[in-house]
Amino acid sequence: MSTLSTLKIAGLTAAALIATACSNDAVKDITPETVVNTETAEKVVAAVTEATPVSIGTFSGRSDHVTNGGVSIVKKDGGYHLMLDDAFFLDGAPDPVVALGNNGEYKVENKLGPLGNTKGAQSYAIPANMNPADFTEAYIWCEKFSVPLGIATLKSASYGS
């Protein structure tokens, strides 16, 4: 096997591990051609470190709805974002929104915006006046009927603690 092939395999393996560990969309488009490039490798490391996970959770359905998939709050681009992962799924509902809550309580002022899609990865900016550490839950909420469609308990993503 040539040195170039070995570097490509090693680079792809490292990129796959980083993408899996961090669920960072920026590292998912890596190809064998880009992995060999040192500049690209530096961008991969920067992309991973720029999206530092703060808290993570997994949705479970509520109000007779199926809601599942992972959620994380990440620090990225100087602010915080709530990220729904690729496995996110909602079986459908009128007027769903994404919000943060605390100890089983949804408050309309913690709404991040309307749910963009009922499945797949999505990102929602958390306003600068909201401190992610103040919230223990992520919600998918039906505004029309004022009921939760899914709730994820958020746990600290700090490693080694």
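Since we're looking at a predicted model, the values are computed, not measured. Worth knowing before you read on, the calculation uses all heavy atoms, side chains too, and leaves out hydrogens, waters and symmetry mates.
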- Residue pair Pro94 / Cys142: nearest heavy atoms and the distance that separates them: O-SG, 3.1 Å

- Check the pair Phe135 / Met130 against side-chain contact (heavy atoms from CB on, under 4.5 Å), numbers first and verdict last. CA-CA 9 Å; Phe135 301 98; Met130 292 174 71; 3.6 Å; yes

- Applying the ring-ring contact (aromatic ring centres under 6.0 Å, His included) test to Phe59, which of Phe89, Phe88, Trp141 qualifies? Phe88

- For Gly57 against Ala152, the heavy-atom pair lying closest together: C-CB, 4.3 Å

- Task: Could you tell me whether the side chain of Ile56 reaches within less than 4.5 Å of the side chain of Leu154, counting heavy atoms only?
- Result: no

- Item | Tyr124 OH to Leu112 CG distance, which is reported to the nearest 0.5 Å | 9.0 Å

- Query: So do the side chains of Tyr106 and Val97 get within less than 4.5 Å of each other, counting heavy atoms only?
  - Reply: yes

- Note on the structure: CD1 (Ile140) and CG (Asn68) are apart, to the nearest 0.5 Å, by 11.0 Å

- Within 6.0 Å of CG in Asp64, more than 12 heavy atoms from elsewhere: no

- Message: Contact between Asn102 and Lys107 at the side-chain level, heavy atoms closer than 4.5 Å - yes or no?
- Response: no

- Query: When rounded to the nearest 0.5 angstrom, what distance separates NZ in Lys155 from OG1 in Thr58?
  - Reply: 9.5 Å

- OG/Ser123 to NZ/Lys76 distance, rounded to the nearest 0.5 angstrom? 5.0 Å

- Minimum side-chain heavy-atom gap Val98-Val71 below 4.5 Å: no

- For the residue pair Leu100 and Ile73, establish whether any side-chain heavy-atom pair is separated by less than 4.5 Å. yes

- For Glu105 and Tyr139, work out which heavy atoms get closest and say how close. N-OH, 3.2 Å

- Correct closest heavy-atom pair for Glu137 and Asn103 would be OE1-N, 3.4 Å

- Hey, could you give me the CZ/OG1 distance between Arg62 and Thr67, rounded to the nearest 0.5 Å? 9.0 Å

- Message: Test of understanding: clusters of I, L, V, M, F, W, Y form through side-chain heavy atoms closer than 4.5 Å, transitively. Do Ile151 and Leu82 belong to the same one?
- Response: no

- Message: Treating Gln122 as the side-chain partner and Leu115 as the backbone partner, does any N or O pair qualify as donor plus acceptor under 3.5 Å?
- Response: no

- Which distance, rounded to the nearest 0.5 Å, do you find between the CG of Asp91 and the CG of Leu149? 8.0 Å

- Task: Work out which heavy atom in Pro148 is nearest to a heavy atom in Ser63; give both atom names and the distance.
- Result: O-OG, 2.7 Å

